[in-house]
Amino acid sequence: MRDKTQPNSAGPGDRLIRAGVIVFFVGALATLVTVAPLLLGTEPFPTFMFGLSMLMAVGFLIAGAGILRSVAAGRRQAREAAPGASR
């Protein structure tokens, strides 16, 4: 018997993971742009550019929250499907 979930449907936490990956890569790009002048010997960017590098950490946290949400939903679904679960 086929599962009722479609293969292309988004589960809980999937959007958070995708958003976190996008934010992480924007932060990684900002880090590369910020570090490049230091390696090339040119004038460094303003200080706020270093703040944009923090988007890597923010994206990592967002994706981590999505993973935790997905794990919690999977555990909840497994607990409901277990025979004789009386919790």
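Only a predicted model underlies this, so the values are computations on that prediction, with no experimental measurement involved.
- Val21 and Val26 end up in different hydrophobic clusters when Ile, Leu, Val, Met, Phe, Trp and Tyr side chains are linked at under 4.5 Å.
- Apart from Val35 itself, the hydrophobic cluster it occupies contains Leu39, where clustering links Ile, Leu, Val, Met, Phe, Trp and Tyr at side-chain heavy-atom distances under 4.5 Å.
- Atom OG1 of Thr34 is separated from atom CZ of Phe48 by 9.0 Å, given to the nearest 0.5 angstrom.
- Met49 and Val33 make their closest contact through CE-CG1, 3.9 Å (heavy atoms, listed as atom of the first residue, atom of the second, distance).
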Give every donor-acceptor pair under 3.5 Å between a side-chain atom in residues 52-73 and any protein atom, sequence neighbours left out.
| from | atom 1 | to | atom 2 | distance (Å) |
| --- | --- | --- | --- | --- |
| Ser53 | OG | Thr31 | OG1 | 3.4 |

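- Here the straight-line distance linking atom CZ of Phe25 with atom CG of Leu32 works out to 11.0 Å at 0.5 Å rounding.
- With sequence neighbours left out, Pro37 forms a side chain to side chain contact (heavy atoms under 4.5 Å, CB included) with Thr42, Phe45.
- Remark: Thr47 engages no residue in a side chain to side chain contact (heavy atoms under 4.5 Å, CB included) (not counting sequence neighbours).
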